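Below, chains carry the letters A, B, ... as their sequence lines are ordered, and counting in each starts from 1. We use all heavy atoms of the structure for the numbers below, so side chains are in, but hydrogens, waters and symmetry mates are not. Just so it is clear, the model here is predicted, and its values are computed rather than measured.
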2 protein chains.
Amino acid sequence: MEVTSTSPSRRVERKEKLRDEILAAASKMFADRGYEAVTLREIAKEIGYTHAVIYQHFPDKWHILAELSSETIGLMVQNFDAIAVKHLASKERLFATSRGLIQFCTAHPQQFRNVFFGPENRNGVRAGQYINDLGAPLFERFVQLFFDVAKEEGLPSKDDIVVAHTWWFSIFGLATLMVIQGVVPDLPDQTLVVEQTIATLWAGVQAVPRLPKSAISKRSGRSSASKQQQLLST
Amino acid sequence: MEVTSTSPSRRVERKEKLRDEILAAASKMFADRGYEAVTLREIAKEIGYTHAVIYQHFPDKWHILAELSSETIGLMVQNFDAIAVKHLASKERLFATSRGLIQFCTAHPQQFRNVFFGPENRNGVRAGQYINDLGAPLFERFVQLFFDVAKEEGLPSKDDIVVAHTWWFSIFGLATLMVIQGVVPDLPDQTLVVEQTIATLWAGVQAVPRLPKSAISKRSGRSSASKQQQLLST
DNA sequence: TCGATTTATAACCATTGGTGACAAACCAGC
DNA sequence: GCTGGTTTGTCACCAATGGTTATAAATCGA
């Protein structure tokens, strides 16, 4: 039994090592050529094995991406924190992290695609969706930072989460359009559009108050009911 | 020879009819279950044929989607025009068509995904990208409308295409995030975020002037060189 | 009615993700 | 160092997919 810290018994060691090799190879290949274009047999060949061995470490191809997606989102959080810590004024933090988010996306376009716009598993769960528990910290930081700014700068919409969403959805949406090519016309100067968007949004949130929930027309929207925990069920 | 208007000879008629049947069946099935999940054999079965017959009308599966994508974008243009014609003041046209774009996307989420975020063909061309010639009219309308507004409302950034892009990328990006689920937290009230975004952007474009191309840091952006005409080459 | 052309099919192909039987490598306990 | 159970990796296999081709059947002009 010996549940204590007995040595990883070499066997476990090697098993974990192989698992990491699979992940490393998959990560590189997915990033280079996209999830769909990469074959399990190619991944295995890359590290000198047969493709069947992968199934001793992952239930299926999708779960490899799921794990890598979790890593990627972790990097986005790190990126956010590293930038945020550099600026004292919350307004500067907001601007810098907004730029940082977009830069991260354009620096890793294929990862971004795989994570957020990649394949769904059998249950219709997207790889990026699966780790909502991991994505949550990221968006919580976004929202919290915006609240900080709203307070520090005395914005009219103090603690309105709708306004916070407006900011970050616009930023995140712009990042998406810049990464998924061909959706909108090519940008002659990406940086300029980013700066213009940030400036416009900033001017906007300063001027616009929280909208009254009345005055808005019909339509309730597609539920917010959490459908977590379809997670690992393959 | 007889190049004139000889009767379509029944044979041509039937051929076109079958082609339309394929398109109709594919359209419905793609919209219901997504491009990847639909099989050529299923499409053929739906209209009472074998899958091989499809290849007499389309070079491959992707080209079916390409043709349907062109239809979809055509509908978006129609939708735009139908809304625009209802409003005299250009500002109202801008607001209404912005709402209309988002509504169209959320009303046809799977089509939207297939067209703009769907599969690439062998040359790395996305289905929505392929019909840039068709998408162009849509975006030209967007930009032109914004210029009209800028002029009519005396915005500081009269004819700056960067500002126009800022508006439409924010709207289009929001539509994207609302359609591709799981990317951002579910919205408790979609309509509210849409209205808040429009209000914020409007306040922003009124206040913010055109940014000087200086003052912006480094980075040139990913070229604007047109890579059209990889089009039909399968 | 005849003969060329079109149309649809069946049989086939290579590739893919995924599975299961089996043999080799491994690592205890003696 | 041997022995026997366990782990590890492979091979052969499966069903399904997009795509191709030879061929039979339907069509239609003459």
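- In the set dC26(C), dT7(C), dT20(D), dT7(C) carries the atom at the smallest distance from any side-chain atom of Gln56(B).
- Protein atom CZ of Arg19(A) is 14 Å distant from nucleotide atom P of dG9(D), rounded to whole Å.
- At the heavy-atom level, Arg41(B) lies under 4.0 Å from base atoms of the strands shown.
- Among the nucleotides dC11(D), dG18(C), dA8(C), the one closest to the side chain of Ala52(A) is dC11(D).
- Side-chain atoms of His51(B) and base atoms of dG19(D) include a donor and an acceptor less than 3.5 Å apart.
- Summarising the geometry, the separation between NZ on Lys45(A) and P on dC11(D) is reported as 13 Å, rounded to the nearest angstrom.
- The CD1 atom of Ile47(A) sits 9 Å away from the P atom of dG9(D) (whole-angstrom rounding).
- At dT8(D), one or more side-chain N or O atoms of Lys15(A) fall inside 4.0 Å of OP1 or OP2 (strictly under the cut-off).
- If you measure from atom OH of Tyr49(A) to atom P of dA24(C), you get 18 Å, rounded to the nearest angstrom.
- The pair Glu46(B)-Lys28(B) does not count as a salt bridge, with every side-chain nitrogen at least 4.0 angstrom from each carboxylate oxygen.
- Of the candidates dG9(D), dG17(C), dA8(C), dG17(C) carries the atom nearest the Leu40(A) side chain, counting heavy atoms from C-beta on.
- Residues Trp62(B) and Tyr35(B) meet the side-chain proximity criterion, which asks for heavy atoms closer than 4.5 Å.
- Checking dC11(D), dA8(C), dT27(D) against the side-chain heavy atoms of Thr50(A) singles out dC11(D) as nearest.
- Taking atom CG on Leu65(A) and atom P on dG17(C), their separation rounds to 13 Å, with Å as the unit.
- Distance from the side chain of Lys61(A) is smallest for dG18(C) among the nucleotides dC11(D), dT8(D), dG18(C).
- Relative to the side chain of Val53(A), the nucleotides dG18(D), dG9(D), dT7(D) differ in distance, and dG9(D) lies closest.
- What separates NE2 of His57(A) from C1' of dT10(D) is a distance of 13 Å, to the nearest Å.
- What separates CZ of Arg14(A) from P of dA24(C) is a distance of 17 Å, to the nearest Å.
- Salt bridge annotation for Glu67(B)-Arg19(B): present, with a cationic side-chain nitrogen under 4.0 angstrom from a carboxylate oxygen.
- Side-chain atoms of Ser98(B) and Trp168(B) form no donor-acceptor pair, as typed in the model, at a separation below 3.5 Å.
- Regarding contacts with the backbone of dT17(D), a side-chain N or O of Thr39(B) is found under 4.0 angstrom from either OP1 or OP2.
- For the pair Lys45(A)/His51(A), no side-chain contact is recorded, criterion being any heavy-atom separation below 4.5 Å from C-beta on.
- Between the CD1 atom of Ile64(B) and the C1' atom of dG18(D) there is a distance of 11 Å, given to the nearest Å.
- Taking every side-chain heavy atom of Arg122(A) into account, dG18(C) is the closest of dA8(C), dG18(C), dC27(C).
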